[in-house]
Every structure is written in C-alpha cells, then in structure tokens.
Amino acid sequence: PSNGHICIGCVVVVSVIEQLAQVHNSTAQASMERLCSYLPEQLFLKSTCYLVVSMFGPDIIKLLSADMNADVVCHTLEFCKQDAGQPLCHLYPLPKAPWEFTLEKARQMVKRSPTLKYSRSD
Amino acid sequence: SDICSLPFLVKICQKIKLAIENSVPFKDVDSDKYSIFPTLRGYHWRGRDCNDSDGTVYPGRRPDDWDIHQDSNCNGIWGVDPKDGIPYEKKFCEGSQPRGIILLGDSAGAHFRISPEWITASQMALKSFFNLPTALTNELNWPQLSGATGFLNGYSRIKENSLYLRLRERNHCNHRDYQNLSKNGASSQNLKKFIESLSRNQLLDHPAIVIYAMIGNDVCNGRRDPVPEMTTPEQLYSKVTETLKFLNSHLPNGSHVFLSGLPDGTFLWDNLHDRYHPLGQLNEDVTYDQFYTFLSCLQVSPCHGWMSSNKTLRTLTSQRAEQLSDTLKKIATSQRFTNFNLFYVDFDFQEITKEWQRRGGQPWQLIEPVDGFHPNEVALLLLADRFWNKVQRQWPEVLGKENPFNPQIKQVFGDQGGH
C-alpha cells in the first residue's frame, strides 16, 4: 500500500476506535479491546489487532484522552505525513488551535514513547 | 514487518501473489483455471470445478461423449436415461445452444465493496466482521453478488437477477458457465496483463457472451492533475482492437462480444457531495466533499476527475469519457470478426437512476457508501436487468432459446450440484 493508503487506514481505524468509545461511553482502551474482540480469528485478523493495540494503544489512548482527533493522532504517530511543499491532508475539520501548535503538543505527549522507533511502513 | 518474509510463509505468499496478479485460481490442482475453492479467484469468480484432478473437466466445455460416464462440463447433467438409453446431456441439451458469460471488467464489474458495517461504530457488533476474511481474499470484491456473474443472494432485497442466473434460467444447460475476469484498477491499457486468464477452448467449448466493461479507469486516477494520465481515444482504439483480435483467436465460433461505454460520473458529486460519509454520520462532521478532498490530497482517490469540487475538472472528465464511448461505438460499427458478432451498449446509469426513482429510491442509494464511488449491488443488478432487456429486444439470438427441457432437467437433476 502507498503512504496515502496507510494514512487512510490509520484515520479510519482511529475514527472507529474513537466513535466506539463515544457510542458505548467507554475509554479508548475498552474501545480497542471491543474492536479486536469483534474481529474473526481467520487471516490472523484478531491477533494482528491485538498486536497493533499493544504497539500503538498507549499512544492512541493518551492522544484521544486529550481530545485529539484521528487526523492529529495519525500525523503524530507518523502514519500520515505532510511532505515539504505538499498540502496538509486531513479528513475532519481542523482543530480550533493552529495545526502546528496542536501537532507539537501531541508530539510532546508521546515523545518518550517506544512506538516511534517503528518505521511508518510497519 | 512483512509477514510474507517468514520462511514458512514465503511459498504460499508467492502462490497467492501469482494468483492475484494473473487473476487465476489460487487452488487449481488440474490447472484448468477452475477451482473448488471459493475465494482467491476461485468459484466466486468462475464456475466451480466438478473434478479438480482432471484438466479436461470444467464448466463451459462441450460434453465428452454426451457425458455418459461423467459430467465433463460440470453442468450437473450426465448419465443415461434408463427408460430409452439416451444420454441425458444429449436428450436435454443437444440443439439448445448452451453458452457462457465472460466479463472483462474493473472494480465495478467485480463489485468492489467495503462493507459499511466495518466502519460504523453505532451498529458494530460481533457479526459485523464475519465476512471480512472472504472479502479480503477476494481483493474486497464480491463477484459472487455482481450484476454479471452473481449466483448468491446478496444484501439488497432487489428482485433482479444477474446475467449469469438469467442465462441459466433460460437454459439450465448453462449451469456454472460464468467467468468474472475483472480486476481493481483495470482499464483498456492494462487488460493485456490479465486477459490470458480467460478460459475458453475454441474447439472444445461452447460459445460465450463476452462483455468488455472498462467503465472508469481510462479517465479515473488519483493524480493531482488527472487529465494527462487519462486514456486518449487513439490509445483506446489501439488497445481495444488488440483485445478483440485476442478474443477472435480464443472464442468459439458463434460467440458475441459487447463493448460497454463509460458513464457520466458527474452523478457522484451531484448526488453525494453534501451528504454525510459513514465516518461522519455519528457527529455530522464529515461529508463526501471532505472525504473526496482527503482522498485527492493523499493522491489515492479512485477517481479524482469526478470525485472533485472542481466543476471544470468534472466536466472535462465526462467529456473524455464520452469521447471514449464514441470510440468504442466506432469500433463496434466498423470492425468485423470471424468468431463473434460485435455490439456496443451505453452504460445507462441515468436510465437505471430513473428506474430506481420510479420505485421510490434516491440516486445516492445506488453508490457504495464507504468509497462513495462504485455502483452498489442494486445498481449492478438494475444495470444487468437493463442490459438483458435491451439485448432480448434488439439481438434476441445472443441469449439463445428457452430450453424446453428445463423442467425435466430440474426434475432429474434438481439444483444440478449447485454452485
């Protein structure tokens, strides 16, 4: 998949996690557990889900708990990237605070995270 | 990171990759291009093999010695009538002019669909993902529910049947004779890469009805400026002529080939742009306009030309589509082939929209909600219905006659082994 598809995949998955938490009035963590529990075992879908949650869950929880939306989460975790000279790609309305400020704040929140050692392709 | 790099998975990954690239079944022991496995280009895409250890046994072939000893063409009709010693295949199918259906298509023909249940949190439950493995191993396509070769009951409650089921209904001897050779991203320019996956022996097999339906990717791409990448009428003419020559050297005499024109895709923006995308329905914060913009920004839009707020670009795309349709029309009226008759049919999306509205439906209900681009099952079956009625009216010889022995076939062989 191209970088664009990886970005879309991230925004869709984080959106579903966020909206599941909203619909069930639960935490982001509970929402991720719920999503993985819905997936079938075939094709390693359920185990891949739990693997992704174990890798990126802590950061997603931190960022969603700080009311960051899926665009911010995916740019912070570098599944989405704004290349130099290219427009910022976002699905949801931009946050009220300036984008750069929001992104920097989010990056600070996950700065010490072990996640970011994985290259984006993972 | 790449699961296929694990030693014990390398081989199977290679096999799966080959199957998908060449559009041939992953599991095909006798290499006759027909399979007993559903997905990975199996019987969801072409008639199910009834003997996967004998390469001379497959759907669509003329019967071997009237199938006295075995069902050589997998239509479920074989053996000898004990009352008079006449082989059933001879008694019920001789002279009925059996024929198969073959679709050369793109993601629309394969019925590409990302199920909205997979991304709609408010309705999500354990059962939401039960069909995800099947979809993933069919490249997110549902050919088994498609308008051309569908044979399973889908999720819409529309009564219309696929072209294959209609051919089967008309002549039960056509049972299992379908091939959906569609591919995501296919166009006139890359059909050559997978047209070899067409399975038809010019001497041994029944004639076929072949539909060439590359309805979008010649004008659709994800580029920031999609126009330079669009196929020109000259490029289309050259490639389609090549394709027809290939078909003439592979199709049994007495076949028919239909060239389908391209739609006017301005329908998409006009009917969807201000509606909420499934991801935006919970909080009413994402419309298809925003969704299209996001896809185009990432340069992964399936069709930037039509999925755009830029009216000029949408109009340009439709103009090019119309030029390409005119080119196909010109080919159909000017070229002749020894083994098949050639026809052109419009892609009548406007007409089926009117039909759907007559039934009380809304135009936006004809489009896949998650990608906001592909025709959905209702649209595909309405298109099939319109195509069938047009052919029946204008070229009735194409569909063959009603087989008077259908009731007897049903009586003796029931569902003929199903699908």
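First the proteins, then the strands, lettered A, B, ... as listed; each starts at 1.
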Look at B:E139 together with B:R41 and state whether they make a salt bridge at an N to O cut-off of under 4.0 Å.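 Salt bridge flag = yes for B:R41 with B:E139.
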Under 4.0 Å between a side-chain nitrogen and a carboxylate oxygen: does that hold for B:R113 and B:E368?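 A salt bridge links B:R113 with B:E368.
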Is it the side chain or the backbone of [X] that comes within 4.5 Å of chain B heavy atoms, both, or neither?
X: A:S31; result: neither
X: A:V13; result: neither
X: A:L88; result: backbone
X: A:L45; result: side chain
X: A:L43; result: side chain

With B:Y43, which of B:K27, B:R48, B:H419 fulfils side chain to side chain donor-acceptor pair (under 3.5 Å)?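 Of all the options given, the one that passes is B:R48.
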Hey, which of B:Q290, B:K127, B:H277 has the most heavy atom pairs under 4.5 Å with chain A?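 Of B:Q290, B:K127, B:H277, B:Q290 has the most heavy-atom pairs under 4.5 Å with chain A.
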Name the option with the most non-hydrogen atom pairs under 4.5 Å to chain A; the candidates are B:T137, B:L295, B:T293, B:V286.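 Looking at each of B:T137, B:L295, B:T293, B:V286 in turn, B:V286 comes out on top.
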Quick check: does any side chain N or O of [X] sit under 3.5 Å from a backbone N or O of [Y], one acting as donor and the other as acceptor?
X: B:Y34; Y: B:P25; answer: no
X: B:S308; Y: B:G305; answer: no
X: B:S187; Y: B:Q189; answer: yes

Nearest heavy-atom pair of A:C74 and A:V11: which atoms, and what distance?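 That closest heavy-atom pairing would be SG-N, 3.4 Å.
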B:S128 versus chain A, the contacting section by heavy-atom distance below 4.5 Å: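 The answer is neither part of B:S128.
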When only pairs under 4.5 Å are counted, which of A:E18, A:Q86, A:R34, A:H24 shares the most heavy-atom pairs with chain B?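 Option with the top pair count is A:Q86.
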